Every structure is written in C-alpha cells, then in structure tokens.
Number of protein chains: 2
Amino acid sequence: MATMRPARRLTLTEDVYSSVQALIMDHAVAPGARINIDALARDLEVSPTPVREALARLEADGLVRKRPLAGYTAAPLLTREEFEELVEMRLILEPPAASRAAAVAAVPGVDRLRAEADLPDPRPAGEGYTGIAAFTAQDARFHHLLAELSGNRMLHEAVVRLRSHLHLFRLHFPPAHYGISADEHHRVVDAVAAGDPDAAAAAMRAHLTAARERHLPYFGRAS
Amino acid sequence: MATMRPARRLTLTEDVYSSVQALIMDHAVAPGARINIDALARDLEVSPTPVREALARLEADGLVRKRPLAGYTAAPLLTREEFEELVEMRLILEPPAASRAAAVAAVPGVDRLRAEADLPDPRPAGEGYTGIAAFTAQDARFHHLLAELSGNRMLHEAVVRLRSHLHLFRLHFPPAHYGISADEHHRVVDAVAAGDPDAAAAAMRAHLTAARERHLPYFGRAS
DNA sequence: CGATCGTGGATCCTATACGATTCGCAAGCG
DNA sequence: CGCTTGCGAATCGTATAGGATCCACGATCG
C-alpha cells in the first residue's frame, strides 16, 4: 500500500491536458491571456515538461496559440466573422451527419440520442453558472452523439473538433431559449428515428439556422 | 557572422515536426512501426524534449499514436472502410468549398488556382518515386488552395486536416490517370472562374467520385 | 514438454539546471 | 515634452540526469 496516489491517470500529460481545457472552460484564464508554463507547472504540481507537451496538443486543437520565444496565450474569443464561419461550417457538416444517422438508424443509438434530448431542463431556478454549463454540456453531447451515429468516424471527429459549444460557452450565456432548442432537438430525433434522411437533414439545418439567429444579437454590432 | 546555422527556424520543435512528417511521407518509417524518441533525437541532433513536443502535436493530428508507457508508433495505413469514410468526408467538405469559391470568385485567386492546375504533367519518364511525389504534392496544393479560396478558414483547415493526399500517398501509387485528374481539375477551375457555384460543386463531386473509382481497385478485396 | 515466474535490458517519463531571447521600464537626447 | 536607446528581469527553449515501468528472454517447476 505504498503508491496510492488518487488521480493521476497513466500519464501526467493527459491529466494536464484536461486540466488546462477545464481552466479555459471555467474562464479561469481569460481569452488572450498569457499562460506561464512554469507557473502552471507549479500550480498543478508537476514539472514543466508534461505541461509543455499538453500545450503542444492544445495548440494543435486551436485552444491556445504559441508565439515562438514569447510563450503561450489562450485563444481569443470568436469574432463575429468567425462566428459566421463556424455556423457555415456546422451547416456543411451536421445536416449530412443527421442524414446518415437516419439512414443507418440503429435502434439503441436512437434511444441514446432521445434520452439525451429528453433530459429535463437543467436550469435550476435563477442560477447563473451551473445551469448554463449543464445545458451547454448536454447540447454538446447531443450534437456529438448524433455525429457519432452517422457511422463515419472522421465526420464525428470533425464535428467534435469544431468545439462549437466551447466557443459559444465562452462567448456569452443566453439564459433563455432552452426549451426552444430542446424542441428542435426532438424534431431531429424524430426524423432520425423515422429513418428519413432528408427530414433529418432539414431539421438539423433549421436548428442550426435558428440557433444562429438566437446567438447573433449578443455580438454587439447586430446586423 | 558567428551563428550562421543553416536551417533551424525559430523553434526546433517546428523543425522536428516537419522532419517527422517527411519521414512518414518518405516511408522512412513503416506504418505501425515504433518510433523511438531517443533514437530520433540522436538522428536529428536535438534533445528529446522538442521531439516529444513535436510528437504530441503529430498525435493530435492523427499521424502517430501514443500508447502510454509504451512509446509512439506511426499511424497505420487506411483500411478499405476508412478509405470509404475519407471519400464520404471529402464529398461533404469539398463540393461546398468549390461552391463558395465560385461565389466569391476573386480573380487573382482563380489565377493561382488555374496556374496550379496548368502545371505540366510532372511525370518524368519511368521514374517510380519523384514523379509520383510531385504529382501528389501538386494535387494536394490544388485542393488546399481551392478550400482556402472558399473564404472560410475553418473549412480550409478541415480539408487540410484530412490529409487525404498523405494517406493516399502512403497507400499506393497509381502511375496512370494523371492526365485524367488534371482534366477534372480544369473543369472545376472553369466553373469557379465562371462564378457558377452549382457547376463547381458538381465538378468537384464528379472528380472525387471518379478518383474513388480509380483508387478502389488497389485495395485488394475489390467490391 | 508446456506454462509460469524471475531477472535483465531498454524505453519512457519526470525532474532539475543552464543558456538565449524577448519584453518592460527608466534614463537620455532631440 | 516625445521618441529613442540601453539595461535588467522574466520567460522560453534546450540539454542532461535519475527513477519507474514495461517487454523479452531464459530458467524452473508441474
């Protein structure tokens, strides 16, 4: 009963990777803020090497930027233009994903999807944070699961890689519209369950377009 | 005129990253083969730290796999199933990219694209290697440039990230079909130059579908 | 003769120390 | 008073050393 350290998966690097990702999610590091490798290593109680390794992966993911000989910084927030590009990208990827998921139509997968969409409104009462985080996480799970059900691993990976929800989460927190979004999710699920590819793609397009309209006003200079 | 080292960009890590990528391209490391960090560091005459950092990035790119406490290995070749997924993915991404490029239709961009497509058949005579590599690189540049001309940075990045050509290059080398592929490229260019989004998307779909048929027989167990 | 266990080698993973480069701030000049 | 210039601190990048873990080979027991 010597080495009984609690967490510490197989590699420290993996741990650090998750930790930093969480730090960005929780706004512990502001967008654009510098990330000090040594300080981070001290806080996490590891040596700088695994921190460096984790940051290299995060850079490939686009979550941090690296200026040579100047250090790492947290990725900046999405500009309005980039947000438009993100929506366009999701409109390219996710309707085909929904379409293929409907074509494959494996029953247990559809059940999991419906279960995700059926989750009760996570909004507690008037909480600002936890409710939003839970909703965002649920929304992310729904979209990721649907992409997985498409049966195309590369498509799934591409959707996950966009990190749409991470970006949106960092942007702002529209406290309403939860129910509306859930309704739109259900329409997608119904089309997938019915095995109707075209309807599934259309429902997803409608959802993404509507979500775009819901988020746009929060960008200051509205259209 | 003291420090006049030739290569060595701003960071060693970037250098190592490119080097390892080239090693995989050139079949210097077989797919699935183990990659020894220390040996690689010795060969490149750097310390293991930047090698480790570069490998972390390459892992995020999917070019190498990391088994905890067991070392890195080069990514395995595409299976037939994964090849089909790759084609499906390209059919999702690249026709919309061509469509948008046609809609934007910036003249200098189109000129660059046509120049890329106009390059003479790089096949020397009966060479097995260099001609193929040059053709593959040219084909990659064409597709990447087209994605860039779409104006959507995320779409561009997604196309590049697929590394379709790297995978194809590692798979086999169909020594023919060069002229056919070039013709199909020209049809795409013409549609983009004409500012016809639908035609551009259709031409790209035709190209990808035809390329799929050209590559499929090389997979052994044909359909 | 086959399977299991112990040992040796190699490798990865982590920690620490040193040099190179950049950025911030204050002093000096125009 | 504003701009430039030089210095200093902080930080990154790199190299090296030590501890822990896993894989392979050979010996031993059933």
Side-chain angles (χ1 to χ4, degrees), chain A residues 1-20 23-24 28-61 63-76, chain B residues 1-21 23-24 28-60 63-76:
Chain A
M1 202 164 292
T3 60
M4 198 59 180
R5 295 282 187 73
R8 191 163 177 158
R9 299 178 199 152
L10 284 78
T11 62
L12 280 187
T13 299
E14 196 68 25
D15 245 7
V16 174
Y17 178 83
S18 303
S19 297
V20 176
L23 284 178
I24 296 178
V29 292
R34 299 192 49 163
I35 298 178
N36 187 311
I37 294 183
D38 291 343
L40 195 59
R42 278 197 306 273
D43 292 350
L44 297 177
E45 296 181 354
V46 295
S47 77
T49 307
V51 172
R52 184 173 284 279
E53 206 165 328
L55 286 175
R57 285 183 51 192
L58 287 165
E59 191 207 2
D61 291 349
L63 282 179
V64 301
R65 297 187 184 286
K66 169 184 175 181
R67 240 179 352 169
L69 303 177
Y72 288 91
T73 58
Chain B
M1 203 163 289
T3 60
M4 197 60 181
R5 294 282 185 72
R8 188 162 181 160
R9 299 177 199 154
L10 283 80
T11 62
L12 279 186
T13 299
E14 196 68 25
D15 246 8
V16 174
Y17 178 83
S18 303
S19 297
V20 175
Q21 193 171 335
L23 283 178
I24 297 178
V29 291
R34 299 193 51 164
I35 298 178
N36 187 311
I37 294 182
D38 291 343
L40 194 60
R42 277 197 307 273
D43 292 349
L44 297 177
E45 297 183 352
V46 296
S47 77
T49 308
V51 172
R52 181 172 286 278
E53 208 165 327
L55 285 174
R57 286 184 50 191
L58 287 165
E59 190 207 4
L63 282 180
V64 301
R65 297 187 186 285
K66 170 184 175 183
R67 241 181 350 172
L69 302 177
Y72 287 91
T73 58

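Only a predicted model underlies this, so the values are computations on that prediction, with no experimental measurement involved. Chain naming here is simple, since letters A, B, ... match the order of the sequence lines and numbering starts at 1 in each.
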- Just wondering, do B:Lys66 and B:Leu55 contact through their side chains at under 4.5 Å, heavy atoms? no
- Message: Can you measure A:Lys66 atom NZ to C:dT22 atom P for me and round it to whole angstrom units?
- Response: 14 Å
- Task: To the nearest Å, give me how far apart CD (A:Glu45) and P (C:dT16) are.
- Result: 12 Å
- Take B:Leu40 and B:Leu23, measure what side-chain contact (heavy atoms from CB on, under 4.5 Å) needs, and give me the verdict at the end. CA-CA 11 Å; B:Leu40 194 60; B:Leu23 283 178; 3.9 Å; yes
- Of B:Ile35, B:Val20, B:Val16, which meets side chain to side chain contact (heavy atoms under 4.5 Å, CB included) against B:Leu58? B:Val20
- Item | Closest heavy-atom pair and its distance - B:Ala56, A:Arg57 | O-CG, 3.3 Å
- Query: Listed in order of residue number, which residues of residues 47-60 of chain B have a non-hydrogen atom at under 4.0 Å from DNA chain D?
  - Reply: B:Ser47, B:Pro48, B:Thr49
- Who pairs with B:Asp43 by side chain to side chain donor-acceptor pair (under 3.5 Å), at least two apart in sequence or on another chain? none
- Task: Return the value, rounded to whole Å, for the distance between atom CG of B:Leu12 and atom C1' of D:dG13.
- Result: 8 Å
Collect all protein-nucleotide pairs involving nucleotides 7-11 of chain C in which both atoms are nitrogen or oxygen and the distance is under 3.5 Å.
from	atom 1	to	atom 2	distance (Å)
C:dT11	OP1	B:Asn36	ND2	3.2
C:dT11	O5'	B:Asn36	ND2	3.3

- Rounded to whole Å, the CD-C1' distance (B:Glu14 to D:dG13) equals 14 Å
- Item | Whole-Å distance separating the CZ atom of A:Arg42 from the C1' atom of C:dA15 | 15 Å
- With a 4.5 Å heavy-atom cut-off, do B:Ile37 and B:Arg52 have their side chains touching? yes
- Item | DNA chain C: 5'-proximal contact among A:Val46 and A:Arg67 (nearest heavy atom) | A:Val46
